[in-house]
Amino acid sequence: TAGSSGDAPDAHINVRGKRHSLEVKADKGAMFGQLELHHSDEKGWHVSPKAAAKYPATASHPAVKAFVKHVNKKWS
């Protein structure tokens, strides 16, 4: 089950010969690290207002913005 162990990854994926550890979330409202991602028909995937207020520097980081843009391009 997702998150069954806090000490081990839930899954692995190999991309171009490099192994990446993944944490599987149960639904689209789950926490991603310290930033909660929400989805709506109007906004698509986005950092929740609550998470953005709590972690403004992280929420506005270029890497987070690029990640959210990528997720929206791929899964919206």
Side-chain angles (χ1 to χ4, degrees):
T1 62
S4 60
S5 172
D7 299 325
D10 295 322
H12 296 282
I13 187 170
N14 292 310
V15 178
R16 296 184 183 137
K18 185 174 180 186
R19 185 176 181 178
H20 299 272
S21 298
L22 305 173
E23 183 173 344
V24 177
K25 299 299 186 182
D27 60 39
K28 65 183 183 182
M31 293 297 286
F32 173 77
Q34 293 295 322
L35 292 179
E36 183 176 37
L37 298 180
H38 282 189
H39 185 273
S40 68
D41 291 337
E42 302 82 36
K43 291 182 169 182
W45 289 101
H46 58 282
V47 175
S48 75
K50 180 176 123 187
K54 191 170 183 179
Y55 305 104
T58 303
S60 64
H61 192 280
V64 172
K65 290 182 180 282
F67 174 76
V68 171
K69 183 178 179 179
H70 175 76
V71 169
N72 275 301
K73 187 185 246 186
K74 195 104 172 147
W75 291 299
S76 280

Side chain of H39, backbone of L37: donor and acceptor closer than 3.5 Å? no
To the nearest 0.5 Å, atom NZ of K50 lies from atom NE2 of H38 at 7.5 Å
Looking only at heavy atoms, the pair that brings A59 and A52 closest together is CB-CA, 3.8 Å
NZ of K65 to NZ of K69, rounded to nearest 0.5 Å, is 11.5 Å
Heavy-atom closest pair (W45 atom, V68 atom, distance to 0.1 Å) is O-CG1, 3.3 Å
Are Y55 and V64 packed together at the side-chain level, in the sense that at least one heavy-atom pair is separated by less than 4.5 angstrom? no
One should read off an interatomic distance between E42 CD and S40 OG, to the nearest 0.5 angstrom, of 4.5 Å
Smallest heavy-atom separation, S60 atom then P56 atom, equals OG-O, 2.9 Å
